[in-house]
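The first residue of the sequence shown is numbered 1, and numbering continues consecutively from there.
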Amino acid sequence: MQKPRADLRPNTAAYETIPLVKATGFREYDARWVLEKEINLLGIQALGLGLATYIHEIGQTPRIVVGHDYRSYSLAVKQALTLGLLEGGMEVLDVGLALSPMAYFAQFALEAPCVAMVTASHNENGWTGVKMGANPPLTFGPDEIGRLKDIVLGGEGQARGGGTLTRVEDFRERYLEEISKVKLSRPIRVVAACGNGTAGAFAPEALRRMGAEVIEMDADLDYTFPKYNPNPEDHAMLVQMAARVRETGAELALGFDGDGDRCGVVDDTGEEIFADKIGLMLARDLSKLHPNSTFVVDVKSTGLYKTDEVLKANGAETIYWKTGHSYIKRKTAEVGALAGFEKSGHFFMAGPLGHGYDDGIVAAGAVLAMLDRNPGKTLSELKAALPDAWTSLTMSPHCDDELKYEVLERIVKEYEDLAGSGGEILGRRIVEAITVNGVRVHLEDGSWVLVRASSNKPELVVVVESMRSEDDMRALFRDEVKPRLAKYSEIGAYNQEI
């Protein structure tokens, strides 16, 4: 196959004969492009050949699971990827239409060490991508993605004989059996919000098998996503979930993203509970059953994990780590944590709770089991038992992929200099600037602000948390972060603001 190029245009002869692959599609822990504009099907095929070459290079058994999400073009993308994998001598096991965690589970169930799941996750229509791994339950991080990028863009993919393709029939049923092991003592009434994405084919059925009374919401698969993008972090989806809870008197709503590896939660009053707070509630509950456990959370998560008295009493330890499903998954496995929680809604249930990868339905089952273990208490009451902290939505101002890391470096230095000079934010002294993943600036009262680069979109990421009040939380964004970032001409409009 010819060496990929980044300057091809559709509707040309070259576009039909040469792989198009834009370098920026290789991100920190997966690969994502706008289909046709940034990668063509020949480029996807080159990616498959490059992945096969990398798997052989590291000496891993060349046996790989592939699956695809429910978008109009994902099957074609998977087929192009499969061609490249076959050319590279891989034994390909195709589980068909799938959630990302279903493909991860297949690695264990089918004894295949490698995975390539075709999904753009929660990105808007037009995007495609691949989540990859070669050592379950881990997925690729920067080192693996970096080497794969060099192989693909350098045209280093090597054709080999021995490629085979097996279609694994009805693996959905095997997966449903695996994720439905939670058995409730009562029929908890729950809204299952799927955003017309792939989870609609899995989540309602799995929750029913657990014993829940399920109210389906946008569970019919429709790759036009007619109402909103399936993303339980987005305001549009959360508003609809809250309205359905209030209409039906449900005890909670559980929302799933486009490839089912994330879960969002709305309580019985119709209020969203951010994933880091749900994680804290789960950690409190699970640490009673499993004393002296370790939990891993990302740097966007609430600071309450370090100060919570229940976790302290149960001997729990919490480690803050880099944001990103690959990072948290890897750290959870590395330290033998009971679970990992990421503020975007990725939950990694490990040890006796799961295989250690992110599965939104398994996370949903954990939330339901927590409610079941606390009879007579509503989800809002369990939330009210947490110490006070007001955390913002995740807000993402646009910044081109080619510019965002350089811009972020300047922002990080600005905050480091402010901290080093004994500076203040809204009258509070800065006590620490953590730079493991962008910059998280801690203030003397426990409040903090975070600015980092998105790993999978041309955006920065902003989160703030106040230990004082909701108004103070809004002020931390309005009067501190927003005006500071506004000085940078490279930074554009926000996807949402508080």
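- Judged by a 6.0 Å distance limit and a 45° cone about the ring axis, Arg32 is not positioned over the six-membered ring of Trp127.
- With Arg440 contributing its side chain and Leu450 its backbone, the two residues share no donor-acceptor pair below 3.5 Å.
- Annotation: side chain of Asn135 is not in contact with side chain of Pro113 (no heavy-atom distance under 4.5 Å).
- Between Leu97 and Met102, the closest heavy-atom pair is O-CE, 3.8 Å.
- Tyr415 carries Arg484 over the face of its six-membered ring, with the cationic atom under 6.0 Å from the centre and within 45° of the normal.
- Distance check: Asn125 CG to Ser72 OG gives 6.5 Å after rounding to the nearest 0.5 Å.
- The residues Arg63 and Glu111 are annotated as not salt-bridged, no charged nitrogen and carboxylate oxygen being separated by less than 4.0 angstrom.
- Formation of a donor-acceptor pair under 3.5 Å by the Glu342 side chain with backbone atoms of Gly324 is found in this model.
- At a cut-off of 3.5 Å, with distance as the only test, no side-chain donor of Asp170 or Tyr175 sits close to an acceptor on the other residue.
- Checked by atom type and distance alone, the side chain of Asp259 never pairs as donor or acceptor with a backbone atom of Leu99 at under 3.5 Å.
- Residues Leu393 and Glu272 meet the side-chain proximity criterion, which asks for heavy atoms closer than 4.5 Å.
- Atoms NE2 and CG, from His122 and Asp257 in turn, are 7.5 Å apart once rounded to the nearest 0.5 Å.
- The shortest side-chain heavy-atom distance between Tyr228 and Asp218 falls under the 4.5 Å cut-off.
- In Tyr223, the OH atom is not crowded: 12 or fewer heavy atoms of neighbouring residues, nucleotides or ligands sit closer than 6.0 Å.
- A salt bridge between Asp479 and Arg474 is absent, with no side-chain N of the basic residue lying under 4.0 Å from a carboxylate O of the acidic one.
- Of all heavy-atom pairs between Leu254 and Cys263, the closest is CD2-SG, 3.9 Å.
- Note on ring orientation: taking the six-membered ring where Trp is involved, the planes of Phe341 and Phe295 are parallel (angle under 30°, cut-offs 30° and 60°).
- A donor-acceptor pair is defined here as one N or O able to donate and one able to accept, closer than 3.5 Å; no such pair exists between the side chain of Thr435 and the backbone of Gly438.
- With respect to the salt-bridge test (charged N to carboxylate O, under 4.0 angstrom), the residues Arg410 and Glu490 qualify.
- Judged by distance alone, the side chain of Asn495 and the main-chain N or O of Asp234 form no donor-acceptor pair under 3.5 Å.
- For Glu402, the CD atom counts as densely surrounded, since its 6.0 Å shell holds more than 12 non-hydrogen atoms of other residues, nucleotides or ligands.
- With Asp220 contributing its side chain and Asn196 its backbone, the two residues share no donor-acceptor pair below 3.5 Å.
- In this structure, CD1 on Ile145 lies 11.5 Å from CG on Asp150, to the nearest 0.5 angstrom.
- For the atom pair CZ (Phe105) and OG (Ser100), the distance works out to 15.0 Å, reported to the nearest 0.5 Å.
- Distance alone, capped at 3.5 Å, places no donor-acceptor pair between the Glu205 side chain and the Leu176 backbone.
- A donor and an acceptor atom, one from each side chain of Glu414 and Tyr488, are located under 3.5 Å apart.
- When all heavy atoms of Phe347 and Gly345 are compared, the pair lying nearest together is CD1-O, 3.1 Å.
- For Phe477 and Tyr494, the gap between ring centers is short of 6.0 Å.
- With respect to Lys131 and Asp261, a salt bridge is recorded, a charged nitrogen being found less than 4.0 Å from a carboxylate O.
- Side-chain N/O atoms of Thr224 and Asp222 include a donor and acceptor closer than 3.5 Å.
- For Tyr70 and Phe225, the distance between ring centers is not under 6.0 angstrom.
- Between the side chain of Glu57 and the backbone N or O of Thr53 there is no donor-acceptor pair closer than 3.5 Å.
- Using a 4.5 Å heavy-atom cutoff, the side chains of Val152 and Tyr54 are not in contact.
- Scanning both residues, Ala250 and Ile215, for their nearest heavy atoms gives CB-CD1, 4.2 Å.
- Both the sub-6.0 Å distance and the 45° axial angle are satisfied by Arg172 relative to the ring of Phe202.
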Verify side chain to side chain contact (heavy atoms under 4.5 Å, CB included) between Val115 and Tyr357, making sure each step is shown before the conclusion. CA-CA 13 Å; Val115 65; Tyr357 52 75; over 6 Å; no

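- In this structure, Lys329 forms no cation-pi arrangement with Phe348, as its terminal cationic atom is not both closer than 6.0 Å to the ring centre and no more than 45° off the ring axis.
- Here the side chain of Ser180 pairs no donor or acceptor atom with the backbone of Glu177 at under 3.5 angstrom.
- The two residues Asp401 and Pro458 make their nearest non-hydrogen contact at OD1-CA, 3.3 Å.
- Between the side chain of Thr198 and the main chain of Asp69, no donor-acceptor pair closer than 3.5 Å is present.
- Around atom NE2 of His398, more than 12 heavy atoms belonging to other residues, nucleotides or ligands sit under 6.0 Å away.
- Between Arg330 and Glu28, none of the side-chain N atoms (NZ, or NE/NH1/NH2) sits under 4.0 Å from a carboxylate O, so this pair counts as no salt bridge.
- Glu233 and Ser344 share no donor-acceptor pair across their side chains, judged by distance under 3.5 Å alone.
- A salt bridge links Arg147 with Glu156: the distance from a Lys NZ or Arg NE/NH1/NH2 to an Asp or Glu carboxylate oxygen falls below 4.0 Å.
- Side-chain contact, Thr391 with Glu465: a donor N or O sits under 3.5 Å from an acceptor N or O.
- Residue Asn11 qualifies as open at atom CG: its count of foreign heavy atoms under 6.0 Å is 12 or below.
- Using a cutoff of 4.0 Å between basic side-chain nitrogens and carboxylate oxygens, Glu334 and Lys331 are scored as salt-bridged.
- Taking 4.5 Å as the limit, every side-chain heavy atom of Phe256 sits out of range of all side-chain heavy atoms of Arg262.
- Annotation: side chain of Val95 is in contact with side chain of Leu110 (closest heavy-atom distance under 4.5 Å).
- At least one side-chain heavy atom of Cys114 sits under 4.5 Å from a side-chain heavy atom of Gln60.
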Intermediate values then yes/no, side chain to side chain contact (heavy atoms under 4.5 Å, CB included), Leu51 and Ile64: CA-CA 10 Å; Leu51 178 57; Ile64 189 167; 3.9 Å; yes

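- Rounding to the nearest 0.5 Å gives a distance of 8.5 Å between CD1 of Ile151 and CD of Gln158.
- Between Asp94 and Lys78 there is a salt bridge, since at least one side-chain N of the basic residue sits less than 4.0 Å from a carboxylate O of the acidic one.
- The aromatic ring centroids of Tyr29 and His325 lie less than 6.0 Å from each other.
- Of all heavy-atom pairs spanning Asp298 and Lys322, the tightest one is CB-O, 4.1 Å.
- Between Lys404 and Glu409, none of the side-chain N atoms (NZ, or NE/NH1/NH2) sits under 4.0 Å from a carboxylate O, so this pair counts as no salt bridge.
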Could you check His56 against Met90 for side chain to side chain contact (heavy atoms under 4.5 Å, CB included), going step by step and ending with a plain yes or no? CA-CA 9 Å; His56 280 94; Met90 296 293 293; 4.1 Å; yes

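- Atoms NE2 and CD1, from His346 and Ile328 in turn, are 10.0 Å apart once rounded to the nearest 0.5 Å.
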List the steps, then state whether side chain to side chain contact (heavy atoms under 4.5 Å, CB included) holds for Asp358 with Tyr104. CA-CA 9 Å; Asp358 37 343; Tyr104 302 153; 3.6 Å; yes

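- The pair Glu416-Lys413 does not meet the salt-bridge criterion, since no charged nitrogen lies less than 4.0 angstrom from a carboxylate oxygen.
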